[in-house]
Every structure is written in C-alpha cells, then in structure tokens.
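Step one of this worksheet: look at the structure below.
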There are 2 protein chains.
Amino acid sequence: MKTRGQEDKQKTMKDCSTKILAVRDALEIFSGKWKIPIIGALIYLQKSGFKELQRMVGDITPKMLSKELKELEMNHLVKRTVLDTRPVTVQYSITEYGKTCQSVIFELYQWGEQHRKKIKEEC
Amino acid sequence: MKTRGQEDKQKTMKDCSTKILAVRDALEIFSGKWKIPIIGALIYLQKSGFKELQRMVGDITPKMLSKELKELEMNHLVKRTVLDTRPVTVQYSITEYGKTCQSVIFELYQWGEQHRKKIKEEC
DNA sequence: GATACTAGTATCCCAGAGGATACCACCAAT
DNA sequence: ATTGGTGGTATCCTCTGGGATACTAGTATC
C-alpha cells in the first residue's frame with residue numbers, strides 16, 4: 001500500500017539527492033588518507049618541494065604523494081611550478097582557490113574535535 | 001643542510017597534525033558512498049523502516065545498508081528501535097546528536113556546489 | 001668514484017569497499 | 001498454499017586504496 005505521503009517524500013528526495021551529489025563531490029575531493037594532511041601542510045608552508053612535503057606529511061610514500069598531488073592539481077587546489085635551478089626543483093603551493101577549503105576543513109575539524117571528546121566520555 | 005626555519009616548521013606541524021587527526025576522524029565518519037545519503041534521508045524522513053530506507057536511498061544493497069547503519073549507530077548518529085508490532089518492525093531515526101552534523105554537511109554542500117560550477121566552466 | 005641530494009616511476013602485494021545474488025525467519029492477506 | 005510484506009545474513013566476486021620496495025635521471029659534494 002502506498003500512501004500519498006510516501007509519494008511526496010520520494011519527490012522531495014529527488015531534489016534532496018542533487019544536493020547529496022554536491023556533498024559527495026566535496027567529500028570525494030578530500031577523500032583518502034592524505035589529501036587533508038597535504039592541504040594542511042601546504043597552507044602552513046605556503047610553498048614546498050616534493051621531498052620536503054613528503055617529510056612534512058609523515059609516512060606517505062612518494063607514489064601516494066605524487067598521486068594525491070596530481071589529483072589536487074587537477075582540482076585547482078594546488079599549483080605545481082618547475083623551477084629552473086640546478087638541480088631542478090619543483091615548487092608545490094596552495095592556490096587562492098585552495099584556500100577556500102579552509103572553512104570546510106575548519107567545520108570538519110570542529111565537529112571531529114567535539115566528537116572525539118564525546119566518544120572518549122562514553123568509552 | 002637544515003635551517004632554523006625548517007625546525008620551527010616541523011615543531012608547528014606536530015601541533016597541526018593533532019588537528020588533522022580530528023578532521024580525519026570527522027571524514028572517517030562520513031566516509032563511504034552511502035553515509036551521507038543515509039543521514040540525509042533520515043533527516044528528511046525523521047524515522048524510517050529498513051526497507052523503506054533502502055528504497056529511499058536508492059541502489060544500496062541490504063548488506064551495505066545494514067553495515068552503514070551499524071556504523072552510524074555506533075557513532076550515535078542514528079538510533080535503532082525495535083517495535084513490538086506484528087510483523088516486528090524496526091525504526092531507524094536520526095538522533096539529536098546526529099542533527100549536529102547538519103552544519104558540517106551544509107558546508108560540504110556549499111563548497112561542493114560552487115566547486116561543481118567552477119569545474120563546469122573550465123571543461 | 002662514492003655518496004647524497006633533487007623529483008619522481010614502476011612493480012608487487014594485500015586488505016577492505018562495495019556490488020550481485022541468494023537466502024533466512026516471521027507474518028498477513030488472498 | 002502462494003504471494004508479498006517485514007528485517008536482515010551469507011557468500012562470492014571484483015576493483016581500488018594504499019603500503020613496501022626498488023629503481024631512474026640528473027647534479028653536487030667529498
């Protein structure tokens with residue numbers, strides 16, 4: 001049996017689902033173990049070479065760092081500049097656009113922080 | 001060669017890394033393909049049975065829905081109530097605490113939305 | 001010539017995410 | 001007694017995220 005209310009719900013859920021798509025787009029960009037740490041490090045450092053960034057982020061392997069940086073670059077959050085030095089160095093930096101993530105990351109930080117406290121209390 | 005500045009940077013990154021942990025905690029809770037859609041559906045529906053929720057979320061399999069709901073329940077975002085009806089029905093609902101995610105999800109939505117537009121313009 | 005720095009690539013491997021399909025027990029209506 | 005509703009589990013599969021390890025090419029230093 002299908003009530004009138006359920007039909008309305010499904011119609012509204014369709015509108016809702018386009019919003020969910022946007023949320024999932026955002027989540028996808030920050031997905032994975034390393035993107036947030038990399039963005040965080042770059043916001044802090046302003047600019048950094050590959051190896052320096054690797055040391056800064058921690059245990060990340062060059063393969064993963066390379067892969068994550070490529071994705072962040074594709075999304076215009078990070079800029080890669082090859083410098084004509086000897087030896088050739090590469091400069092990674094966060095873009096102006098990349099800085100727009102800060103508010104999102106800060107919200108996630110705040111929620112995560114209070115959530116940690118709540119979980120601790122109960123366990 | 002290690003300059004004084006680099007040592008300072010590494011010290012500050014250590015403070016930064018605890019903040020990154022909180023962000024990653026938050027991301028972990030929303031991770032996966034289905035958690036946000038489920039939370040969204042439950043915020044909209046207020047309460048829902050298992051099958052109804054499955055229909056609402058879309059293509060999710062019962063295995064995944066069951067698994068994701070368990071995780072959300074563990075994190076106190078979702079409440080599961082068994083009702084003494086015939087046949088036995090189960091009511092899933094978002095908790096008051098679960099509603100605190102709304103601001104985080106809304107930030108993610110806003111950023112994701114404007115990001116979509118930006119990507120479209122350039123491709 | 002050996003070592004160490006730069007910026008990565010290549011290869012192999014494993015665990016977990018998530019889909020497909022089938023199935024369970026229970027109950028109600030036809 | 002068959003069909004269809006409830007709320008799930010079980011099994012099998014594939015694909016990818018991500019780690020470990022090794023390697024390349026170029027330059028500078030010891």
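Just the heavy atoms: all of them, side chains too, but no hydrogens, waters or symmetry mates, feed the values below. A note on names: the letters A, B, ... follow the listed sequences, proteins ahead of strands, and every chain is numbered from 1.
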Check your understanding: Are any of the side-chain heavy atoms of B:I29 and B:L77 separated by less than 4.5 Å?
Key -> yes
**Study point:** Minimum-distance pair of heavy atoms, taken over all atoms of A:L53 and A:I38
**Key:** CD2-CG2, 4.5 Å
Review point. Which residue pairs pass the ring-ring contact (aromatic ring centres under 6.0 Å, His included) test when at least one of the two sits in residues 71-96 of chain B, sequence neighbours left out?
Key: none
Check your understanding: Within a strict 4.5 Å, meaning less than it, do heavy atoms of the B:L65 and B:W34 side chains meet?
Key -> no
Could you list all N or O pairs between the protein and nucleotides 11-16 of chain C that sit under 3.5 Å apart?
none

Review point. Taking the nucleotide of DNA chain C with the closest heavy atom to each, which residue, A:Q91 or B:P62, is nearer the 5' end?
Key: A:Q91
**Study point:** Derivation of the side-chain contact (heavy atoms from CB on, under 4.5 Å) call for B:T95 and B:V78
**Key:** CA-CA 5 Å; B:T95 61; B:V78 160; 5.6 Å; no
Point to revise | Of all pairs that satisfy salt bridge (Lys or Arg N to Asp or Glu O under 4.0 Å), the ones with a partner from residues 72-92 of chain A, not counting sequence neighbours | key: none
Check your understanding: Any side-chain heavy-atom pair from A:V90 and A:F50 closer than 4.5 angstrom?
Key -> no
Revision key, fill the gap. Applying side chain to side chain donor-acceptor pair (under 3.5 Å) to B:T85 and not counting sequence neighbours gives B:T89
Check your understanding: Is the distance from OP1 or OP2 of D:dT6 to the nearest side-chain N or O of B:T85 less than 4.0 Å?
Key -> no
Exercise for review: Name the closest nucleotide to the B:M64 side chain, picking from D:dG19, C:dG18, C:dG8.
Suggested key: C:dG18
**Study point:** All side-chain contact (heavy atoms from CB on, under 4.5 Å) counterparts of B:E71, not counting sequence neighbours
**Key:** B:K35, B:K67, B:E68
**Study point:** side-chain contact (heavy atoms from CB on, under 4.5 Å) involving A:K51 - partner list, sequence neighbours excluded
**Key:** A:Q54, A:R55
Review point. Between atom CG in B:L65 and atom P in C:dG19, what is the gap in whole Å?
Key: 12 Å
Can I get a per-line list of side-chain donor-acceptor pairs under 3.5 Å for residues 98-105 of chain A, giving both atom names and the distance, sequence neighbours left out?
{"unit_1": "A:K99", "atom_1": "NZ", "unit_2": "A:E96", "atom_2": "OE2", "d": "3.1"}
{"unit_1": "A:T100", "atom_1": "OG1", "unit_2": "A:Y97", "atom_2": "O", "d": "2.5"}
{"unit_1": "A:T100", "atom_1": "OG1", "unit_2": "B:W111", "atom_2": "NE1", "d": "3.1"}

Identify each atom pair where a protein N or O and an N or O of nucleotides 3-6 of chain C are less than 3.5 Å apart, giving names and distance.
{"unit_1": "C:dT6", "atom_1": "OP1", "unit_2": "A:R55", "atom_2": "NH2", "d": "3.0"}

Check your understanding: Looking at DNA chain D, which of residues 22-33 of chain B put a heavy atom within less than 4.0 Å of it?
Key -> none
Practice item. Rounded off to whole Å, could you give me the CG-to-P distance for the B:L83 and D:dT6 pair? Key: 14 Å
Practice item. Using heavy atoms to find the nearest nucleotide of DNA chain D for A:E71 and A:R86 separately, return the residue whose nucleotide is more 5′. Key: A:E71
Check your understanding: Which pairs count as salt bridge (Lys or Arg N to Asp or Glu O under 4.0 Å) when at least one residue sits in residues 101-119 of chain B, sequence neighbours excluded?
Key -> A:D25-B:R116
Practice item. Report the residues that fulfil side chain to side chain donor-acceptor pair (under 3.5 Å) with B:S48, sequence neighbours left out, ordered by chain and then residue number. Key: B:E52
**Study point:** Bending between helix ends of the helix from C:dG1-D:dC30 to C:dT30-D:dA1 [5 pairs per end, 10° resolution]
**Key:** 20°
